Engineer: 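This is the structure I want to talk about, given as structure tokens.
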Amino acid sequence: MQQNPKISTSDENEWPSGHRVVLYADSEEQLDAGEQLALLQNMIQHYGGQVYSHTGVAVIAAFERTQDASELAADFQQRRRTQAGLSSVRIGIHWLGDSLLTRPEDLSLASRIAWLAEGGQVLLSETAKAALCGTAEPTLALHCWPRRRLIRGASAEDLYELLYPGRTPKEPGGRFFLLAGGITGAQERYVVRKSKEDEVLQALLSEDATAGRVVVLLGSSGAGKTRLAVRCAVDLAGLLKQNVYFVAINSLAAALLDGVASRLGERIGLNNADRDPAGVLAWAARTEAILVLDHDELVVSAAVRNFIEDLVRPGKVRVLLTSRSTVSTASTAALPEWGQEISLQQGMEPDEAEQLFVETVQRQVTGWRVPEPRQHFEEVLALTSSLPLCIELVAAQVTTETLKEIAESLGDASATGDESVLQHCLSRVWRNLQKVDQETLRLCGLFAARSGLSTLTRIAENEKGAVLSSLTRLGSAGLVQTDAVTGEFTLHPSILRYARTRLEERTDHALLTARFVRTYRAILPGDGNSLLPEQAMILLKEWENLLQAHHYAVLAKDFKAAMHFQQLSVVALKHGKLTDFIGLVEATNTLTRIPEFALRDNADQWQATLQNTLGMAYSNLPSGDRDTNLRAATVCYEAALRVYTKERYPKDWAMTQNNLGLAYRNLSSGDRDTNVRAAIDCYESALKVYTEERFLMDWAMTQNNLGLAYCNLPSGDRDANLRAAIGFFRAALGVRTEEHFPMDWAMVQNNLGEALQKLPSGDRDTNLRAAIACFECALKIYTHQQFPTDWALTQNKLGNAYNELVSNNRDANVRFAIGCYESALKVYMEEQFPTEWDLTQDHLGTAYSNLLSGNRLTNLQAAMACYEAALRVRTKTRFPVDWATTLFNRALLEKECGLDEQAWTHMKQAWQVFVDYGIQMNIEQAERSLRAWTKPKTLFLGRRFLPLGIVIAVLISIVSVVWMLGKLIARVFH
């Protein structure tokens, strides 16, 4: 590694040539800061860096390589670790880009990197992270408020892995307090409203059990609600040990109960299956967190209000809402009972308003100060009602007009109310724009969210440079915020609404929307199943805009374009956006009901395609009742099959038969046997087209599906069903080979292993060893590094097989099973995978109860602790049968430990659930236990002696024998 000479004072403030990495470090404490920073400076030299500046307790250093800076950070923090956690020195790292000549504005990144260090010990910016991961070092791309805050960094898991390979942030010593997932609201400059900020923090951090659970920021558009909420989130992320999550409710769909729960679930990291109200509430019951919900004014549903109340009721979660006061009456009707309001209606304090005005002007005119006398300046502030957005809009005009001219033009309006003031300010700025810039702002109104310069250029049908220049001028006017490098732009929600109003004034609106649709079709060609990874990333990044484009396609009755976007949205199925997907398909489906559609070629085929796609969406929908969704899916598939006949569309018919079979197989309501047999019929129908000779891969897929169906078939000869399943799986493996289709091969190996494990006939241990061989084959592909969830699932299956294996050393088998379950728990964390976590805990409890070696009482206590952990997720309300099964197993162990009263209570509770759900085998087992446990109490409470009745009978027998012997002896001697 390069060794730099000792840094002299003259080296400071001279940016070293060729260095492209900024490292910022400061100390949280003043007491030992000198000692820590002296060590840090020495280590900077050792790792090839040069100190750029050193002020107080802060050091800014330059490096040539991101790797050197990151290694320094990790090394330094590990050296300074204490028993309480990490060092009090915080470090942020950012990579500047390819340019050899560092610009002055790049050096100001140190202040942004200072924010990176807030709330964590070592944080990397996205570009530093990308460079560190070995990819081509990207260009400078900051997600920030200009000159203010860097709001996105690497994830806590990535950073912890950097510092402590092989460990997780869950372990003691982890201190990464992050805004999980980053803030995705509009990029806005923060307005310092210290008094309000303190008021919000005081409310949220109140020790009162109810006062700070929910805090609502009320104010009109442009009052700075989102800005203040973001700033408070930043403060809280640094103050608290729990995570802080920011969720923008930016559409009517997102404001519905499922939409709010889905966005919350996505932000807090729940898996797709748990992104519903029940899953989020289960998370809230066990997690301390602050949730920031932006644009609550869209929440008008009583169900959502009740949901938020349920979120905070356990006392661990607190919520900060922003809401427009003019329409918030419905959403905050119940607020006084469980929270408080903080109003921003009065606008900013005079000194805060002046600071914002001056800073806004200084972005254009360096060193600008309020001129004396201040009469016109104060008049301008008064005319803006001290609303932050209005202040910025007006201040941006000072470069072309005097304060007197601005005051006179604003004074001409008879605006009343904050909304009118904002509209008047926007109209004033609009009138001062060039025609080309007005056109660009109109076009920006097409977008539902931030977008890229390339997309806007295509729609404008103009050169990139011309559009960029226009965006730059709009930015100077306070209307648009842009990133000059990436070309991304975004608008404040109020400005976006204004831009759309201007867009509606155009006579060629239809032409513009057609361009909008055509542009996205050009960017994202093909269908959702054939998109390249980089195309899929574009789709997900601009998802809200794709929804907007689809909306315009439906309005224009452009069925072909609407179908195109609906096909593209297949990608959304893989990323949990199923509610949006269903909305897309149903919106497209409305076009099939208009008269013009019936005149199209293949109209019935389009209809069938839509129904099949809608069925797929309902089959995968995680929210709502699972069986209701699956029933809806079967209706869609059957509607598609009325068009997709075997004779006209054989391949589509077979595909839909397979989909229908999958839906029937997963149905749990109704008669289980009828459902599974219906699935088998569908698969066998599909095989009439999917022959081994013509459609080899589809044939193998259907063979695997048939195997799964026979495994689940409850009626008939159980052994014959499983042997049929094994035959189907082995047939599928003849095509899905390890060499050519490793992922499919591993999946079928897992299925085959499970069938062999359940097989009742033949030698039990032979079957289990064959199952173990299958699971070990699957683990050759499913590695912990590449496929962690599949690896964990297979570890679970392998553990189950070893737990049942009795040949050779039974105790060694059980211990191996315990090792498999503990391996699975490295992936199945309670918060990320609650269902898989509780199942593994249940298996682990069973394994500990089967353990023969060691202290029996210790093993039983370990088993009961696992069952207790599983019951945190397996609640009676969400998973009643699983809850009862785990309670049944726990009761048996409690009885063995002498906890008779607990055992009886838990067994009776489990029995009642089994009766309610008609699970006959479990009812009989529970009743046998209860009958056995109702015998008379023991002689001595708390000890396990013979029952009192038996003891009395024995005593009577002994007395009788003694009496008989005495009588016999007396007769002999007599």
Side-chain angles (χ1 to χ4, degrees), residues 115 118-119 143-145 148-152 177-206 212-240 242-251 254-255 260 263-264 267-268 289-299 304 308 311-312 317-328 331-332 335 339-349 352 356 387-389 392 418 481 490 492-494:
W115 152 236
E118 286 186 25
H143 301 273
C144 63
W145 300 307
R148 282 287 179 175
R149 304 289 182 187
L150 188 62
I151 64 174
R152 186 182 296 174
F177 313 145
L178 305 176
L179 293 175
I183 295 174
T184 57
Q187 298 174 353
E188 299 171 288
R189 292 174 290 280
Y190 173 63
V191 182
V192 178
R193 303 191 71 168
K194 188 61 180 172
S195 59
K196 293 296 182 182
E197 186 179 338
D198 291 343
E199 189 177 350
V200 173
L201 295 179
Q202 184 177 0
L204 285 172
L205 298 176
S206 170
R213 289 196 185 180
V214 177
V215 177
V216 179
L217 297 177
L218 294 176
S220 59
S221 292
K225 302 182 298 298
T226 299
R227 312 174 195 218
L228 181 57
V230 169
R231 178 60 215 177
C232 291
V234 168
D235 289 340
L236 290 165
L239 289 171
L240 304 177
Q242 59 262 40
N243 277 332
V244 179
Y245 302 93
F246 184 97
V247 181
I249 306 174
N250 51 14
S251 69
V260 172
R263 294 203 173 214
L264 274 174
R267 177 64 72 236
I268 62 185
I290 301 286
L291 303 179
V292 182
L293 302 183
D294 193 29
H295 299 306
D296 174 63
E297 65 269 11
L298 295 173
V299 179
V304 176
I308 293 175
L311 271 178
V312 301
V317 171
R318 301 202 174 198
V319 177
L320 176 62
L321 302 173
T322 71
S323 182
R324 288 169 59 191
S325 57
T326 54
V327 291
S328 64
S331 62
T332 59
L335 182 62
Q340 65 187 84
E341 297 178 357
I342 294 178
S343 175
L344 304 184
Q345 200 63 41
Q346 293 72 31
M348 304 179 71
E349 296 295 327
E352 297 171 340
L356 176 61
L387 294 175
L389 183 57
E392 290 184 328
D418 292 342
Q481 294 183 29
T490 185
H492 185 281
S494 297

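It should be emphasised that the depicted structure is a prediction, and the values quoted were computed from it without experimental measurement. Position 1 is the first residue of the sequence, and the numbers go up from there.
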Engineer: Starting at CD1 of I290, measure out to CG of L201 and round the result to the nearest 0.5 Å.
Structural biologist: 9.5 Å

Engineer: If you define the side chain from C-beta out and look only at heavy atoms, does anything of L293 sit under 4.5 Å from I308?
Structural biologist: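 With C-beta onward as the side chain, the pair touches.
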
Engineer: Please name the pair of heavy atoms, one in A203 and one in V215, separated by the smallest distance, quoted to 0.1 Å.
Structural biologist: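 Heavy atoms only, the tightest pair is CB-CG2, 3.7 Å.
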
Engineer: Considering non-hydrogen atoms only, spot the tightest contact between L389 and S494 and give its length.
Structural biologist: CD2-CB, 4.1 Å

Engineer: Just how far is it from atom OG1 of T322 to atom CG of L344, taken to the nearest 0.5 Å?
Structural biologist: 9.5 Å

Engineer: Any side-chain heavy atom of L228 sitting closer than 4.5 Å to one from E197?
Structural biologist: yes

Engineer: Counting only N and O atoms by type, is there a donor-acceptor contact under 3.5 Å from the side chain of K225 to the main-chain atoms of G219?
Structural biologist: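 Yes; at least one donor-acceptor contact below 3.5 Å.
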
Engineer: Do you know which two heavy atoms are closest between P388 and M348, and how far apart they sit?
Structural biologist: CG-SD, 3.7 Å

Engineer: Return the minimal non-hydrogen interatomic distance between A229 and V292, and the atom names on each side.
Structural biologist: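 Looking at all heavy atoms of both residues, the shortest contact is CB-CG1, 3.8 Å.
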
Engineer: What's the spacing between L218 CG and L321 CG if we round to 0.5 Å?
Structural biologist: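 It is 9.5 Å, given to the nearest 0.5 Å.
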
